[in-house]
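These notes concern the structure reproduced below.
The structure presented is a predicted model; accordingly, all values stated were derived computationally and were not measured. For the single chain, residues carry numbers from 1 onward in sequence order.
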Amino acid sequence: MQTLFSLIFVLLFFITGNVCYLSISPKGPVSVEALVGTNVTLSVSHAGVPQPEVMWFEGSLLVAKWTVSNSSLSGVASGVFKPELNGSLTFMNVSRRYNGTYTVEMNNIGEEKVSATFYLFVYDIIMNVFLHTDPGDAIEGEVRFTLYYSTMQGEAKEVRWFFNGLQLRNGSHYSISGKNLIINQPSRNDTGHYTVLLTNPFSSETQHRNITVLYGPDMPVLKVSPTKAVFVSGESLFLSCQAEGEPPPSTTWFFNGKSIATSSTGTVHLTNVKTSQSGIYTCVMMNTRTEATLQRNVTIIVYESPSGEPLCSVQAVNGGAALQFLCLWPGGAPEAQVSFPGLSVNASGYGNYSMTINDIQSLNGREIICTAEHPLIQTQCSVIPRGPVDFLPVILTSMSQDEQTMVVIHCSAEATPQALVHWIKDGNRLQTGPKYQISTNTTQLFISDFNVTTDLDTYTCTAINPLSNKTVDTTLLAAGLSGAAIAGIAAGIPCALLILLIVLAFIYCGRRDRIPRYPVSRAVEKAVISQSTLNPHRLLRARLKPPPAYRHQQPERSAPLPSVNSCVRMATTV
């Protein structure tokens, strides 16, 4: 019997729809979208109990409570919520304030509660969309750059971002979250046109912004025009410096730490350059927005040739035991390298170079060449060291202010280096004193207050340099001298003028363009050469040098002309 009653109960349950138990269900979607200012209803239906108690919650907050089919309502906000007799809840003139999750609960006394949940989304018309950036500038190489939007009204249900018309997706480079578009490690390739599209069920709005990613300076290019490894003093050149960047970098040039005039295009014009302008030029490029800088260097070399030609010479050193060869070519940048390859293969110097040689005998008459090398020019000079060669003395006389006769013996031997002359009389070496004076270069002997009684003698001049020496004896002779002749000599009677003119004629013909004529003295000795092997004409033509300036000649006094045999004679032996 009990089993029968159970079967009848189950059959009644299916037939009546469980009229004995309370149930609730939403009428329509549980996600409800509403426009601000409109009325919207969260609709439900129930069964099993004709008048259950109804309670609506926003989250955990009770917002309305009443009994179905009962006109007596309680807990309902006036002007906002409108309870429906079937348990539904209507929002009047809804605002965005009421966005949220709502739960309705129904119960019958002594029975378990039943509930249903709704999601209310209230939207406004989207208006006045703005795009912002953080930070203000997008800089290449930074960690991130963010674009975000704001609106004066309305909220978006869907947000889509575009770059140059292509929709962006979440990934390693772009991150889309809420109102933000994040560009991770921005680069210059991210420069372009960005668009945000905001939509909700009741409106849509777009906004655009151009973003320029700042970068540089980088990839610098330095140019020197004309392209040369070395410039010559006096030339002109251009320096240019450019680099990629946004915005284009500014350029400043520096030399030795000081800025130099730079054009707006980053170039420097150097005109008439000098060797002092050789050095390192630094180009500093700066991004004026990011203040990032980059610098590069370029080296400019300016050469200048030494002035003139190199000069070669040789001199005696170490007391005449050695020869010092000199090669002089100063100036220029850099200094010229000079050397004597014939004397030493490895030794060299710069500008002013000398080399001392002790073994000199093999050098007599040998041409010694100095090789001078500069980056702009190569040249050479040479010198030939020679010992003294045969020479003839020259005898001159003059009258001093106090009417004293002075005799000058000139011994000049051609030699390289110049020969030093020693003077000897009667086996004694002469020194400068009251009677005898020797010129600074030792080539002339001055005999003051000449006396035919005591000064007619043999005078020896020896020309010496480290390579050899030559000795010449000069004997002053008087033939047939009478009292009148001696007086004529003292008075400077020009009996030897004809001889002097003949000698000067030979000198003039042989060295017309090279040697000035000697001053004419009042009385000149007659030279008698006792060495037949010499060629006087050749020696005079190639060896004689001008004597020093003597005292002014006295006016000639009237005197009878002497005979030819009353002149002073000179016998010369080698």
Just checking, is any N or O donor in the side chain of [X] or [Y] under 3.5 Å from an acceptor N or O on the other one?
| X | Y | result |
| --- | --- | --- |
| Gln380 | Thr371 | no |
| Thr252 | Thr262 | no |
| His173 | Asn184 | no |
| Glu53 | Thr67 | no |
| Asn180 | Thr146 | no |

Quiz item: For Thr251 and Cys283, which heavy atoms make the closest approach, and how far apart are they?
Solution: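 Here Thr251 and Cys283 meet closest at CG2-SG, 3.4 Å.
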Quiz item: Between Asn210 and His193, which heavy-atom pair has the shortest distance, and what is it?
Solution: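 In terms of heavy atoms, the two residues are closest at OD1-ND1, 2.8 Å.
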Parallel, tilted or perpendicular, as decided by the 30° and 60° cut-offs, for the rings of [Y] and [X]:
| X | Y | answer |
| --- | --- | --- |
| Phe121 | Tyr123 | parallel |
| His269 | Phe238 | parallel |
| His374 | Tyr303 | perpendicular |

Quiz item: Does atom CD of Gln167 have more than 12 heavy-atom neighbours, drawn from other residues, nucleotides or ligands, at distances under 6.0 Å?
Solution: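 Enclosed: over 12 neighbouring heavy atoms sit under 6.0 Å from CD of Gln167.
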Quiz item: Less than 6.0 Å separating the ring centroids of Tyr102 and Phe118?
Solution: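 Aromatic pair excluded; centres sit 6.0 Å or further apart.
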Exercise. Using the six-membered ring of Tyr215, assess whether NZ or CZ of Arg188 lies under 6.0 Å from its centre and within 45 degrees of the ring axis.
Key: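 Yes - Arg188 lies over the ring of Tyr215, closer than 6.0 Å to its centre and within 45° of its axis.
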Self-check item: Chi angles and distances behind the disulfide bond (SG atoms under 2.5 Å apart) call for Cys312, Cys381
Solution: CA-CA 6 Å; Cys312 289; Cys381 63; 1.9 Å; yes
